[in-house]
Amino acid sequence: MELGCGLFGLAYDLENDFEGTLKQLGQDGFTAVEPLYAFQGDPALAPDSPLPSFLKAILWDERKVINMLPRLREWGLTIASMHVGLAFGVKIEDALPELIVFSEKTGIRNFMTSLEFDTLEKCCAAAKLLNHANQVLNPYGIRLGYHNHYMEFNRADADDSEGTLMDYFLAHTSENVKLQLDTGWQMYGGDDVIAFMKKYPNRIFSVHLKDFVAGYEKIRQEDAFAAIGDGVLPTEDILTQLPNLPLFAHGLMIDQDRAAKDHALPADLRAGADRLAHLMDK
């Protein structure tokens with residue numbers, strides 16, 4: 001089993017024990033991690049940046065990635081994909097050439113962005129950006145995928161669409177524009193995960209697993225997270241769909257934003273990895 005781990009939820013743990021947290025992921029059965037990419041000159045990494053220090057632990061620039069790759073290999077880990085923050089003022093004409101150079105230096109070919117479109121206007125802008133980006137990047141063997149949250153599954157309310165904003169996005173982007181489907185956020189947004197995976201198998205090249213407790217709709221979001229297998233995400237059904245998807249290596253990931261209530265996140269991740277290993281060996 002090749003299983004990756006998104007690092008967003010582990011920001012505090014990495015700030016407190018960077019090396020120990022990563023080593024533990026390797027020991028717990030994960031084979032890849034997914035940090036956020038920091039563009040050159042990103043003000044978020046400046047010493048006087050207002051960005052909380054714990055978030056800097058998951059925001060890696062080129063130097064940090066190059067330094068970390070051999071250390072990660074020692075711990076049984078690699079970086080197969082990274083998030084890029086195009087929603088935070090980075091100009092696309094500057095971002096794409098930098099990603100090409102970075103990819104050539106590191107061998108990382110899969111990148112994700114989240115624009116959190118919740119209106120048709122924002123959806124159209126996201127579709128235009130992802131189409132353009134992949135036209136530029138794909139000839140270099142690089143892909144920029146879209147990582148969803150829950151708002152993209154609002155109704156599109158467009159004359160030529162009876163579906164969600166995500167349906168509209170996929171209808172107005174090239175087949176080369178792939179999704180990192182966050183199944184937990186999709187479920188949280190009220191959409192049918194399995195029906196979606198069956199409808200768009202060729203558009204999904206990465207799957208994030210995120211679980212929520214029963215009744216999550218009626219409680220505070222921060223109290224609703226669960227370890228994979230403890231909540232209501234149809235995990236086993238999702239796993240049965242994976243052979244139909246063009247996932248890249250390490251494209252299956254646990255991406256738990258917060259620990260379950262009164263839990264520690266590393267323990268939740270370990271439990272989730274164990275359950276996935278059991279399910280995938282059945």
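Worth saying up front: this structure is predicted, and the values here are computed from it rather than measured.
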The test is side-chain contact (heavy atoms from CB on, under 4.5 Å); show your working for Gln186 and Met166 and say whether it passes. CA-CA 10 Å; Gln186 183 183 12; Met166 182 57 74; over 6 Å; no

Heavy-atom donor-acceptor pair, Arg258 side chain to Asp223 backbone, under 3.5 Å: no

Approximate separation, where rounding is to 0.5 Å, of Ile58 CD1 and His83 NE2: 9.5 Å

Criterion side-chain contact (heavy atoms from CB on, under 4.5 Å) on Leu252 and Glu2, from CA distance to verdict: CA-CA 7 Å; Leu252 176 65; Glu2 300 288 354; over 6 Å; no

Taking only residues two or more places apart in sequence or in another chain, which ones pass side chain to side chain donor-acceptor pair (under 3.5 Å) with Tyr188? Gln221

Identify every side-chain donor-acceptor pair in residues 267-276 under 3.5 Å, counting partners at least two apart or on other chains, and give the distances.
unit_1	atom_1	unit_2	atom_2	d
Asp268	OD1	His263	ND1	2.8
Asp268	OD2	Gln256	NE2	2.9
Asp268	OD2	Ala260	N	2.8
Arg270	NE	Asp28	OD1	3.2
Arg270	NE	Asp28	OD2	3.3
Arg275	NH1	Ile228	O	3.2
Arg275	NH1	Asp230	OD1	2.9
Arg275	NH1	Asp230	OD2	3.4
Arg275	NH2	Asp230	OD1	3.0

Enter the distance from Glu15:CD to Asp17:CG here, rounded to the nearest 0.5 Å. 11.5 Å

Ala224 versus Tyr216, closest heavy-atom pair with distance: CB-CB, 3.8 Å

Return the set of residues passing salt bridge (Lys or Arg N to Asp or Glu O under 4.0 Å) with Glu62 (not counting sequence neighbours), or none when no residue passes. Lys105

Could you tell me if the side chain of Phe54 sits less than 4.5 Å from the side chain of Asp13, heavy atoms only? no

Could you list the donor-acceptor pairs under 3.5 angstrom formed between side-chain atoms of residues 115-124 and any protein atom two or more places apart in sequence or on another chain?
unit_1	atom_1	unit_2	atom_2	d
Asp118	OD1	Lys122	NZ	3.1
Thr119	OG1	Lys122	N	3.2

Contact summary for Ile142 and Ile100, nearest pair of heavy atoms: CD1-CA, 3.7 Å

Just checking, is any N or O donor in the side chain of Tyr200 or Asp167 under 3.5 Å from an acceptor N or O on the other one? yes

Could you grab the distance from atom CG of Asp211 to atom OG1 of Thr183, nearest 0.5 Å is fine? 8.0 Å

Closest heavy-atom pair and its distance - Ser174, Arg203: O-NH2, 2.8 Å

For the student: nearest non-hydrogen atoms of Phe153 and Thr164, plus distance: O-CG2, 3.5 Å

Those residues at least two apart in sequence (or on a different chain) that pass salt bridge (Lys or Arg N to Asp or Glu O under 4.0 Å) with Lys128 are none

Should side-chain heavy atoms under 4.5 Å link Ile, Leu, Val, Met, Phe, Trp and Tyr, which residues sit in the same cluster as Val213? Ile219

Smallest separation among heavy atoms of Ala32 and Met253, with atom names: CB-CE, 4.4 Å

Under a 4.5 Å side-chain heavy-atom rule over Ile, Leu, Val, Met, Phe, Trp and Tyr, are Leu36 and Leu99 clustered together? yes

All heavy atoms of His147 vs all of Asp182, minimum pair found to be CE1-OD2, 3.3 Å

Looking at CZ of Arg109 and CG of Leu137, how far apart are the two atoms once the value is rounded to the nearest 0.5 Å? 11.0 Å

Do Leu25 and Leu10 have side chains that approach each other closer than 4.5 Å (heavy atoms only, starting at C-beta)? yes

Counting only pairs under 3.5 Å, give me each side-chain donor-acceptor contact of residues 65-80, with atom names and distances, residues two or more places apart or in other chains.
unit_1	atom_1	unit_2	atom_2	d
Asn67	ND2	Arg63	O	3.3
Arg71	NH2	Glu19	OE1	2.4

Take the angle between the ring planes of Phe248 and Phe205 and call it parallel below 30°, perpendicular above 60°, tilted in between. perpendicular

Hey, are the side chains of Asn176 and Arg143 touching, using non-hydrogen atoms and a 4.5 Å cut-off? no

In chain order, what residues pass the side chain to side chain donor-acceptor pair (under 3.5 Å) check against Glu98, with sequence neighbours excluded? Tyr37

So Phe225 and Trp185, would you call those rings parallel, tilted or perpendicular, with 30° and 60° as cut-offs? perpendicular

Evaluate the side-chain proximity of Glu152 to Tyr146: yes if any heavy-atom separation is below 4.5 Å, no if none is. yes

Given side chains that start at C-beta, do those of Asn134 and Lys178 come closer than 4.5 Å, heavy atoms only? no

Tell me, with the steps shown, if Tyr12 and Leu265 meet side-chain contact (heavy atoms from CB on, under 4.5 Å). CA-CA 10 Å; Tyr12 285 109; Leu265 185 53; over 6 Å; no

Within a reach of under 6.0 Å around OH of Tyr140, are more than 12 heavy atoms found that belong to other residues, nucleotides or ligands? no

Between Thr113 (side chain only) and Gly85 (backbone N and O only), is there a donor and an acceptor less than 3.5 Å apart? no

My understanding is that only residues two or more places apart in sequence, or in another chain, count here; which of them pass salt bridge (Lys or Arg N to Asp or Glu O under 4.0 Å) with Arg155? none

Determine, stepwise, if the pair Ile254 / Phe30 fulfils side-chain contact (heavy atoms from CB on, under 4.5 Å). CA-CA 9 Å; Ile254 295 179; Phe30 292 96; 4.0 Å; yes

Output a table of donor-acceptor pairs, distance under 3.5 Å, between side-chain atoms of residues 233-240 and any protein atom two or more places apart or on a different chain; print 'none' if there are none.
unit_1	atom_1	unit_2	atom_2	d
Thr235	OG1	Leu233	O	3.3
Glu236	OE2	Lys282	NZ	3.0
Thr240	OG1	Asp237	O	2.5

With sequence neighbours excluded, what pairs up with Asp255 under the side chain to side chain donor-acceptor pair (under 3.5 Å) test? His208, Lys210

Please list, one pair per line, the donor and acceptor atoms closer than 3.5 Å that link side chains of residues 192-199 to other protein atoms, with sequence neighbours excluded.
unit_1	atom_1	unit_2	atom_2	d
Asp192	OD1	Ile194	N	3.2
Asp192	OD1	Ala195	N	3.0

Under the salt bridge (charged side-chain N to carboxylate O under 4.0 Å, His left out) rule, what do Asp94 and Lys91 come out as? Steps first, then yes or no, please. CA-CA 5 Å; Asp94 298 329; Lys91 294 181 179 179; 5.4 Å; no

